[in-house]
2 protein chains.
Amino acid sequence: MIRPTIKQLSYLSAIHQHGSFIKAAEECAVTQSTLSAGIKELETILGQPLVLRGRKAANLTPFGLETVESAEKILEDTDRIVARSRLLNQPLSGPLRLGIIPTIAPYMLPEILPVLTEKFPRLELQLHEELTDRLLESLRKSQLDLLLLAFPYDTPDMNQYILFEEKFYAAAAEHAGPVENSINIKDLKPEELLLLEDGHCLRDHALSACDLQLPKTRKTFSATSLPTLIQMVKTGYGITLLPEMACTPETIPPGIRLLPFTDKRPPTRQIGLCWRRSDPRKRDYETLAGTLKTYTPA
Amino acid sequence: MIRPTIKQLSYLSAIHQHGSFIKAAEECAVTQSTLSAGIKELETILGQPLVLRGRKAANLTPFGLETVESAEKILEDTDRIVARSRLLNQPLSGPLRLGIIPTIAPYMLPEILPVLTEKFPRLELQLHEELTDRLLESLRKSQLDLLLLAFPYDTPDMNQYILFEEKFYAAAAEHAGPVENSINIKDLKPEELLLLEDGHCLRDHALSACDLQLPKTRKTFSATSLPTLIQMVKTGYGITLLPEMACTPETIPPGIRLLPFTDKRPPTRQIGLCWRRSDPRKRDYETLAGTLKTYTPA
DNA sequence: TTTTAATATCGAAAAAATCGATACTAAATA
DNA sequence: TATTTAGTATCGATTTTTTCGATATTAAAA
């Protein structure tokens, strides 16, 4: 389909506004002959006269009026695109689709979002909370731009940027677990360890951090979220590992003991960002990382 | 302000739809290199990456998604202009701003509009009822396209096209006026002649058709519309001249006598069209005139 | 490492847009 | 009626832009 050009439409609009080819040409910063030819071309494309050339003024035909109305809408829309781009030309402006896993989002976001909105007021974060695998899938399909994940995790074709490392704490009910107020990795008994359900990276991180492998026959509850897990611990079903960021008074109810690990190399997970290697906005993401690093768990 | 071109926007849309430069180029009927350069140019204009080039697919950045949304709106609007023009490429299609004087409109329109809409179903008449002078002023300013007037009338810079001539009848109350059922021009007495108020061409046509000049001192009622005038006649204030098209049973109530003129050259007015000499749609107007001619008053 | 499948780039050719000058046109004026 | 005037249209030359075809580049897959 052959279409009018934006330039032609702007010529028509200028004529409508000024009622004269000459003045319109001036506004469009072209010669009158150029504008004249442009309008003629437009009239040819549309197969209709658009401009009524009078001695004193150039007015529009009814169809010309209809057309100029659409044309001005089109010009406005086009200019809006440009204006928007101007706004976003500063770094870390505009929409950014950020994926976060459930074992980070509720703890880190309330702390870090206010900082981000203050530091990058033009940033328009679109948050998506999902399990790591789904997030990576979306990232691969370019439906997301940036992920906030827990590592180690295999993320093919992606850049990883580690922000910080956080310790795990063991959580036990008031009268369960060891007598002391601390714990050692080797004291963990796999059969009493409570975990999130499969798919949560926290599950795997906890296990591997403690160098544990679950017996395949194990049949026990798996929780769908950390709050649920904590409730299970409190009820005395067993003990669990919690990342430090989840160890806040709001998250840990009374009746739960938090036990630090006394090992030389205590269990940890790493928190970091992840984006497509091919994404041209690496610089933006690194800037963002700089701010996210200021967050310290607990 | 430098603007993206419609072509560039269509490239972006094609990439969004096909997820690939190559397929998009195919759809746009250009080579991949052309499309690639076009997108690059667009990204330069906007100062931002729009497309995330992946191995398997080309996806859009968040700003690209925003932009493509506007772009597709713009493309639709543009295509709508073209589609509309296609529709109107047949003669006598689309909007036509027609001005009509009050002493024609209510009599001719009910007869002629149904015929027009049947014969030119795509014609979109916009009717404007005003006195001749105002209509001519609007016509001059290209705010109207075509006038349906009564002649003779001086219409500088305009084309006149006479459709037909219609006779005047004298209207008198049942027991007023001459004894016979007809009348002669010279029987009209200026002092008992009722007229429309100043500005109505009918007033001047009636006077000149009867070769009358009003005494400057004359102080009498002037009616603002023909129905009012007829009521005044019925009430016995005097007699008046009515154009034939106004002499229908719906217009003339009982108690009014319509008297034909017996003169060799009875008083008449002419009905015709009028448009700017420079208007390129002369052919359309003449076609229209052909149909309007089929109307016969009364 | 090679192959593959995509996008980017380059130089030449083609197309178009633009300009400046001039022709044309109709109204206003002399 | 001829001339002036004030607008738009047109023309040829030039410049700019677009496009193409070929090739380079890139990164994943084999």
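If you're wondering where the values come from, they're calculated on a predicted model, not measured in any experiment. Labels below follow one simple rule: chain letters A, B, ... track the order of the sequence lines, proteins then strands, and each chain is numbered from 1.
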B:Thr31 side-chain N/O to D:dC20 phosphate OP1/OP2 under 4.0 Å: yes
Any B:Tyr11 side-chain N or O less than 4.0 Å from OP1/OP2 of D:dT18: no
Interatomic distance where CZ belongs to B:Arg276 and P belongs to D:dG7 [whole Å]: 18 Å
Charged N-O contact under 4.0 Å between B:Glu137 and B:Arg134: no
Contact check, side chains of B:Leu60 and B:Leu12, non-hydrogen atoms, under 4.5 Å: yes
B:Gln32 (side chain) donor-acceptor with B:Phe21 (main chain) under 3.5 angstrom: no
Modelled atom types, side-chain donor and acceptor of A:Tyr285 and A:Asn159, under 3.5 Å: no
Heavy-atom check, side chain of A:His205 versus side chain of A:Pro152, under 4.5 Å: yes
Listed nucleotide nearest any side-chain atom of A:Arg277, set D:dC20, C:dC19, D:dA28: D:dA28
Any donor-acceptor N/O pair under 3.5 Å between D:dG21 base and B:Ser33 side chain: yes
Any N/O donor-acceptor pair, B:Gln32 side-chain to C:dA8 base, under 3.5 Å: yes
For atom NZ of B:Lys40 and atom C1' of C:dT7, their distance in whole Å: 12 Å
Under-4.0 Å side-chain N/O to phosphate OP1/OP2 contact, B:Lys7 with D:dT17: no
Phosphate contact (D:dA9 OP1 or OP2) by A:Arg53 side-chain N/O below 4.0 Å: yes
For atom CZ of B:Arg3 and atom P of D:dT17, their distance in whole Å: 17 Å
Whichever of B:Phe21 and A:Ala29 has its nearest DNA chain C nucleotide further upstream toward 5': B:Phe21
Rounded distance in Å - CD1 (A:Ile15) to C1' (D:dG7): 12 Å
Value in whole Å for how far the P atom of C:dT4 lies from CD1 of B:Ile22: 15 Å
Separation of C:dA27 P from B:Asn159 CG (nearest whole Å): 10 Å
Nearest-angstrom distance from the residue atom CD1 of A:Ile39 to P of D:dT10: 13 Å
d(CD1, A:Ile6; P, C:dA17) in whole Å: 14 Å
